[in-house]
Amino acid sequence: MSSKKKTCIVLGVTGGIAAYKACELLRLLQKRGMDVYVVMTKHACQFVAPLTFETLSGHPVAVDTFERPATWEVEHIALAKRADLFLIAPATANIIGKMACGIADDMLSTTVMATKAPVMIAPAMNTGMWENPATQQNIATLVSRGVHVVTPATGHLACGDSGAGKLEDVSVIAERAIAILEKKKDMLGLRVMVTAGPTREALDPVRYISNRSSGKMGYAIARAAMERGAEVTLLTGPVAIQPPQGVRVIPFMTTQDLLERALENVSGQDIIIQSAAPADYRAKEIAPQKIKKQGGTDMIIELAENPDVAATLGKNKRADQTFVGFAAETNDVLAHAKGKLEKKNLDMIVANDVTAPGAGFDVNTNIVTLITKEDMLSLPLMSKDDVADQILSGVLKLRK
Ligand code: PMT
């Protein structure tokens, strides 16, 4: 018999009608070889008896009770440490609100706060509660902290309403959980070049034209590709974040620099993902000294057009290479993105409306649509880490 420790999922069950579906979820996870420990809130026990989960899991169920204070304190830390993944399904608006605000006042909320494992929640509630701005803001907060959210399905709800808020199919939740645990090394042997961050186009020795790109999107892609086994080259503009360990980092400052670094490296790459935000224009002349005030008159700076890096690379793309670009748009997002897919000879373009809350520049989340010549996939708000994984999975699908 193998003595290898099984992967452990701590399953938090909160008080909603969908609590009974957590029994089936537990069984599915066990079938995939997971050892499942259950934590229930007091309200969850109104829907399903702890004995059911105890019998199914083969472990004592931790319930929100202060009747056994001696074990309570120890138990929540032990469970938090045991978890390889912490999954809360169904997750009510209440637990989501507590997690977002850092409230730890019962067994489940203290345990999830103590864990260092990845956390995933599968919300289920009435449509009005799900759509309430408070819930949506709490979800956005959790996503920005790296919590994986399985967006609820739309359908007929137990309360009689129809709309969003139904617990996603338990088989989908189980698959998402397993995918997080078994982050596949499905990019072994592939060389990936990622561009990230802004450019700076000098006006004089102290001033420059730039934009709000933080590099977070590109760095998330570089990290995800490396974790999936790829050999990663990261071309980065000036940003304030640390590159992931293990990737080859090549800095650039201007769009011309980026073009040169990209051209030097492009032939050795299988996949190129261009999330950088290069300036389209630079000053025609860079003043050698700090520009002085014009004594009350307006100043005109003449700009020259920069090269289009993606379009230049696209011209010499080989059949075995896959090129991905981004489209940062503020209006007619999909139409503009499709135009760029074509014009820059890309295989995929990742369209983001940079005016949407939680999307685009400098935030930890994004809302994107992946567009290829044949297909279009609109994704909900998710962390840039999750967006990165979705892009990479899309790229691998294209290369099959
Ligand atoms: O860095 P973050 O703060 O995380 O923000 C992420 C992001 C908003 C920068 C990112 O999601 C994004 O949208 N990146 C693309 C920014 C951009 O320049 O978009 P664009 O629509 O102007 O350009 C289209 C494509 O052409 C991009 O792949 C871009 O890298 C490329 N391009 C643009 C101009 C240029 N002169 N040369 C190029 O190669």
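Counting starts at 1 for both ligands and their atoms, following the listed order. Every value quoted in this text rests on a predicted model; they were computed, and no experiment measured them.
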Item checked: Check ion pair R32-E175 (N to O, under 4.0 angstrom) -> yes
Notebook entry, point to check: Quick one: does P307 get a heavy atom under 4.0 Å from ligand 1?
Noted result: yes
Check: Looking only at heavy atoms, what is the nearest atom pair of A177 and L85, with distance?
Finding: CB-CD2, 3.5 Å
Notebook entry, point to check: Is any side-chain N of the basic residue among D35 and R82 closer than 4.0 Å to the acidic one's carboxylate O?
Noted result: no
Next item on the list: Among all protein heavy atoms, pick the one closest to atom 6 (C) of ligand 1 and tell me residue, atom and distance.
Entry: M217 CB, 3.6 Å
Item checked: Atom indices of ligand 1, in the order listed, that fall short of 4.0 Å to a heavy atom of N366 -> 11 (O)
Note to self: Check this for me - ligand 1, V354, N or O atoms closer than 3.5 angstrom, yes or no?
What the structure shows: no
Checklist line | Numbering as shown, the atoms of ligand 1 that approach A327 to under 4.0 Å (heavy-atom distance) | finding: 21 (O)
Notebook entry, point to check: Of all the atoms in ligand 1, which lie at a distance below 4.0 Å from a heavy atom belonging to G215?
Noted result: 1 (O), 2 (P), 3 (O)
Next item on the list: For G360 and ligand 1, answer yes if some heavy atom of the residue is under 4.0 Å from a ligand atom, otherwise no.
Entry: yes
Margin query: Would you say that more than 12 heavy atoms from the other residues, nucleotides or ligands in this model lie under 6.0 Å from the CD of E285, or not?
Written below: no
Item checked: Candidates K344, K340, K343 - the one meeting side-chain hydrogen bond (donor to acceptor under 3.5 Å, both in side chains) with D308 -> K344
Item checked: Closest to atom 29 (C) of ligand 1 among A276, A277, S213 (heavy-atom distance) -> A276
Check: Can you find an N/O atom of K344 closer than 3.5 Å to an N/O atom of ligand 1?
Finding: yes
Check: Does D280 have a heavy atom less than 4.0 Å from any atom of ligand 1?
Finding: yes
Check: Any chance CD of Q269 has more than 12 other-residue heavy atoms, nucleotides or ligands included, within less than 6.0 Å?
Finding: yes
Notebook entry, point to check: What do you reckon, is CD of Q294 surrounded by more than 12 foreign heavy atoms closer than 6.0 Å?
Noted result: yes
Note to self: Can you confirm whether more than 12 heavy atoms, excluding those of E342, are under 6.0 Å from its CD atom?
What the structure shows: no
Margin query: Please determine whether any non-hydrogen atom of H336 lies less than 4.0 Å from an atom of ligand 1.
Written below: no
Check: Considering only the protein, which heavy-atom contact is closest to atom 37 (N) of ligand 1, and what is its distance?
Finding: V309 N, 3.1 Å
Notebook entry, point to check: Below 3.5 angstrom, do we get any N/O pair linking N306 and ligand 1?
Noted result: no
Checklist line | Any donor-acceptor pair under 3.5 Å from E201 side chain to T199 backbone | finding: no
Check: Hey, are E24 and R27 close enough for a salt bridge, meaning a charged N less than 4.0 Å from a carboxylate O?
Finding: no
Checklist line | Nearest-contact summary for atom 2 (P) of ligand 1 - protein heavy atom, Å | finding: S214 OG, 3.4 Å
Item checked: More than 12 heavy atoms of other groups within 6.0 Å of L188 CG -> yes
Notebook entry, point to check: What protein heavy atom is closest to atom 21 (O) of ligand 1, reported as residue, atom name and distance in Å?
Noted result: K340 NZ, 2.5 Å
Note to self: Please tell me whether D353 and T355 have a donor and an acceptor in their side chains that are separated by less than 3.5 angstrom.
What the structure shows: yes
Margin query: Check this for me - ligand 1, A328, N or O atoms closer than 3.5 angstrom, yes or no?
Written below: yes
Next item on the list: Look only at interatomic distance and state if F326 has a nitrogen or oxygen under 3.5 Å from any nitrogen or oxygen of ligand 1.
Entry: yes
Checklist line | Proximal atoms of ligand 1 relative to D362 (non-hydrogen, under 4.0 Å) | finding: 2 (P), 3 (O)
Note to self: Looking at every heavy atom in both A224 and A388, which two are closest together, and how far apart are they?
What the structure shows: CB-CB, 3.9 Å
Next item on the list: Count the heavy atoms belonging to other residues, nucleotides or ligands that lie under 6.0 Å from CD of Q137, then report whether that count exceeds 12.
Entry: no
Notebook entry, point to check: So is N352 close enough to ligand 1, meaning a heavy atom under 4.0 angstrom away?
Noted result: yes
Note to self: Quick check on contacts: which atoms of ligand 1 are under 4.0 angstrom from a heavy atom of K216?
What the structure shows: 1 (O), 2 (P), 4 (O)
Notebook entry, point to check: In the protein, which heavy atom is nearest to atom 39 (O) of ligand 1, and how far is it?
Noted result: A310 N, 2.7 Å
Next item on the list: Report the member of A337, G197, P278, A359 with the shortest heavy-atom distance to atom 33 (C) of ligand 1.
Entry: P278
Margin query: Considering non-hydrogen atoms of the protein only, which is the closest contact for atom 28 (O) of ligand 1, and what is the distance?
Written below: Q274 O, 2.7 Å
Item checked: Atoms in ligand 1 flagged as close to G325, the criterion being non-hydrogen separation under 4.0 Å -> 28 (O)
Item checked: Shortest non-hydrogen contact from A134 toward N132 -> N-OD1, 2.8 Å
Note to self: Heavy atoms only, cut-off 4.0 Å: how does S275 contact ligand 1, side chain, backbone, both, or neither?
What the structure shows: backbone
